[in-house]
Every structure is written in structure tokens, then in C-alpha cells.
*Asks:* 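One structure is given below, represented as C-alpha cells, and several questions about it will come after.
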Amino acid sequence: MSEVFLVVQDLTVRYGVQQVLYPVSFELRQGERLALIGESGSGKTTLAMAIAGLLPASAKIAGSIRFPALAHEPRAGRDIGVVFQDSDGSLDPMMRVGDQIAEVIVTHLKTSWDKARQRAAELMQQVQIPDSQHRLREFPHEFSGGQKQRIVIAAALAAQPQLLIADEPTSALDTVVQNHVAKLLDGLVRAQRLTMLFVTHDIALASQLADRIAVLYRGQIVEIGTAEQVITAPQHDYTKALLATHVGLDWVKQPRLPEIDGVL
Ligand SMILES: Nc1ncnc2c1ncn2[C@@H]1O[C@H](COP(=O)(O)OP(=O)(O)OP(=O)(O)O)[C@@H](O)[C@H]1O
Ligand SMILES: [Mg+2]
């Protein structure tokens, strides 16, 4: 059994009088991939951003979030890579994409810009953007939606974080591109043995990308288990309802994410 990486204990969050998270507790082991699923407004982003330490000051937080394996408090961007929901907005339209990736490296790893740009080109290659030496000088509008999302992923991984938090990283993309980006993310996370918290409302995608699934319902984790357990023996009515909308989602027959050739 690998080491425990993250311990969330009795975490609550409220905004003013609105309670958004009720006591939430779970653990994540090093290298484990947990999908957080739940309907819109259930608190997925709130929980993910609480772990990243990125909730606004107006959020009233209680309980604890600990990283027993780390010697210091993790920083988002450095120890925790974050792909934000609606991450289109996380690329600066006026800045060359290579510089946006390189900036993460310069900021967090204190390297020179030259080295960071070289590394940015490698990262772009890793997220399957060909001709990256040349393309790193281009601006976001010169890339497709799927490519932009892969650049955002490259930037999230640029400082070699141990934990990746990806908040609906594919939901703005059409289905084919979504599969391609999901497959790529899956490959990167496995190759780098990253610990991942993956937020989605797509239970099929969750079962493909994660070892375990946590179901959030109205601010509470109503069930958590291996992807197989949650899909084959759902306990909560909400999970059952969610599965009913995925006719044919059969764990045994569950295909691996298809390999897709070509650049999307
Ligand atoms: N900054 C904020 N100020 C006040 N309320 C907030 C804030 N952020 C989130 N909320 C409220 O917290 C609740 C949970 O929101 P959250 O964004 O975590 O849900 P979600 O599960 O990520 O939903 P979605 O699937 O739509 O992204 C919602 O009722 C939302 O209105
Ligand atoms: Mg959200």
C-alpha cells in the first residue's frame, strides 16, 4: 500500500449563511486517481479548490486538509497542478503559449527563461502538439479548443506537481476531442504516477480515468469506492439515477479509452 498523500477530515465550507460542504472526509493515497462526481452545484469545485488552497477569502472553512507526505504546505501551481473549470479563461490571449508554460517553470522552479522555454517545448510535445519549437511562439487563438486544453494541462504539469487537480478538464470540448484529451491526460498521469483529483459529472469518464469514485450530493460525499464498486453496486439513489442515464455502462464490458490518431 502506498503512502497517504492527502487527508481531508470533517471539512466544511460555507459562504455567508449558505453551507456548501457538510463535513467531508476522505483520504487519497500517493499515485491514486480519484474522480469526484456529482450534479451541478453539489460542491465539486468548492471541494477541489479547498484542497488546492484557492477558495476566496469569503469562504468560511472548518475541518482539516493535510498532506502527510509533504514537508511543507503545498502551493497551487507548484506542488499542486490545477486545471480550472472553464480553463479557456486561464490562457492569456495576449501572451505566447510557450511563455505561459515557461512562466510557471520560471516562477516555481527558478530556472532561466531560456531553459524554461526549452522545457515548455518538451511539454508541448508531450501533450502532442507537433512542431512545438515553432508553435510555442504562437498565441492561444492559433490553436483549436482541444489543443488549448492540452496546453493548459501542460502548464498545470510544468512545475512537476505531485497532485493534479483537474476540474472538468474536458467538458467544454466535443465528444471526440474530449476522448482524445482524456486519453492523453490518462497517459500522462499514469506515466508520471501522479496523484489526481479529477472532477467530472460524467460517470463513464470517471470510471475510465480513476481508481476510485466519490459521489458528492448536496455538499456531502454520499458514497466512495473503487470505480468498479460504484458502477456495479451503487449504494445511493443519486448514483443509481446517474447510472440509469448511462444505459450500457457495463463495468465488465467497459472499453479502454480508444486511441485516436491525428491531431485534434
Ligand atoms: N464564491 C462563491 N460565493 C458564494 N457561493 C458560492 C461561491 N462559489 C460557489 N458557491 C456556491 O456553492 C455551491 C457549490 O458550487 P460549486 O461550484 O462547488 O459546485 P459544482 O459541483 O462545482 O457545480 P458545477 O458542476 O456546476 O461546476 C453552489 O450553490 C454555488 O452557488
Ligand atoms: Mg464546478
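Reckoned from all heavy atoms, side chains included, excluding hydrogens, waters and symmetry mates. Bear in mind the structure is a predicted one, so any value in this text is a computation, not a measurement. Every number for a ligand or one of its atoms is a count from 1 in the order of the listing.
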*Asks:* Atom 24 (P) of ligand 1: which protein heavy atom is closest, and how many Å away?
*Replies:* Ser40 OG, 3.6 Å
*Asks:* Verify whether one side chain among Ser132 and Gln125 offers a donor that lies under 3.5 Å from an acceptor in the other.
*Replies:* yes
*Asks:* Looking at Glu39, which atoms of ligand 1 are within less than 4.0 Å of one of its heavy atoms?
*Replies:* 21 (O)
*Asks:* Any luck finding a side-chain donor-acceptor pair between His201 and Glu39 under 3.5 Å?
*Replies:* no
*Asks:* Donor-acceptor check, side chain of Asp186 to backbone of Ala182, threshold 3.5 angstrom: yes or no?
*Replies:* no
*Asks:* Give a yes or no answer on whether the side chain of Thr226 reaches the backbone of Arg212 with a donor-acceptor pair at less than 3.5 Å.
*Replies:* no
*Asks:* Please work out whether any backbone atom (N, CA, C, O) or any side-chain heavy atom from C-beta onward of Val20 is under 4.0 Å from ligand 1, and answer side chain, backbone, both or neither.
*Replies:* side chain
*Asks:* Would Glu223 and Val230 count as a side chain to side chain contact (heavy atoms under 4.5 Å, CB included) here? Give the steps.
*Replies:* CA-CA 8 Å; Glu223 76 178 283; Val230 172; 4.2 Å; yes
*Asks:* Is there a heavy atom in His201 that sits closer than 4.0 Å to ligand 1?
*Replies:* no
*Asks:* Establish, for the pair Arg33 and Phe198, whether the NZ or CZ atom is under 6.0 angstrom from the six-membered ring centre and no further than 45 degrees off its axis.
*Replies:* no
*Asks:* Give me the nearest non-hydrogen protein atom to atom 27 (O) of ligand 1 as residue plus atom name, then the distance to 0.1 Å.
*Replies:* Gln85 NE2, 2.8 Å
*Asks:* Under 4.0 Å from atom 30 (C) of ligand 1, do we find at least one protein heavy atom?
*Replies:* no
*Asks:* Is there a donor-acceptor contact under 3.5 Å linking the side chains of Gln85 and Thr45?
*Replies:* yes
*Asks:* Among the heavy atoms of Met49, does any lie under 4.0 Å from an atom of ligand 1?
*Replies:* no
*Asks:* How are the rings of Tyr217 and His236 set to each other: parallel, tilted or perpendicular (split at 30° and 60°)?
*Replies:* tilted
*Asks:* Here's a test for you: under side chain to side chain contact (heavy atoms under 4.5 Å, CB included), which of Ile37, Leu36, Thr170 qualifies with Thr200?
*Replies:* Ile37
*Asks:* Is the shortest distance from a heavy atom of Gly43 to ligand 1 less than 4.0 Å?
*Replies:* yes
*Asks:* Do any of the N/O/S atoms of Thr46, backbone or side chain, fall under 2.8 Å from the Mg ion (ligand 2)?
*Replies:* no
*Asks:* N/O to N/O below 3.5 Å, does that happen between Lys44 and ligand 1?
*Replies:* yes
*Asks:* Give the atom numbers and elements of ligand 1 that come within less than 4.0 Å of a heavy atom of Glu168.
*Replies:* 25 (O)
*Asks:* Once rounded to the nearest 0.5 Å, what's the spacing between atom OG of Ser112 and atom CZ of Arg117?
*Replies:* 9.0 Å
*Asks:* Nearest protein heavy-atom contact for atom 23 (O) of ligand 1: which residue, which atom, what distance?
*Replies:* Gly41 N, 2.8 Å
*Asks:* Counting backbone and side chain alike, does Ser40 bring an N/O/S atom below 2.8 Å of the Mg ion (ligand 2)?
*Replies:* no
*Asks:* If you have a sec, work out which protein heavy atom is nearest atom 3 (N) of ligand 1 and how many Å separate them, to one decimal?
*Replies:* Tyr15 CD2, 3.4 Å
*Asks:* Check the pair Phe5, Gln162 against side chain to side chain contact (heavy atoms under 4.5 Å, CB included), reporting the backbone distance first and the verdict last.
*Replies:* CA-CA 9 Å; Phe5 183 77; Gln162 297 188 51; 3.6 Å; yes
*Asks:* Could you establish whether Gly38 and ligand 1 come within less than 4.0 Å of each other, counting only heavy atoms on the residue side?
*Replies:* no
*Asks:* Show the atoms of ligand 1 that are less than 4.0 angstrom away from any heavy atom in Thr45.
*Replies:* 17 (O), 18 (O), 20 (P), 22 (O), 27 (O)
*Asks:* Would you mind running through ligand 1 and noting each atom that sits below 4.0 Å from a heavy atom of Thr46?
*Replies:* 14 (C), 15 (O), 16 (P), 18 (O)
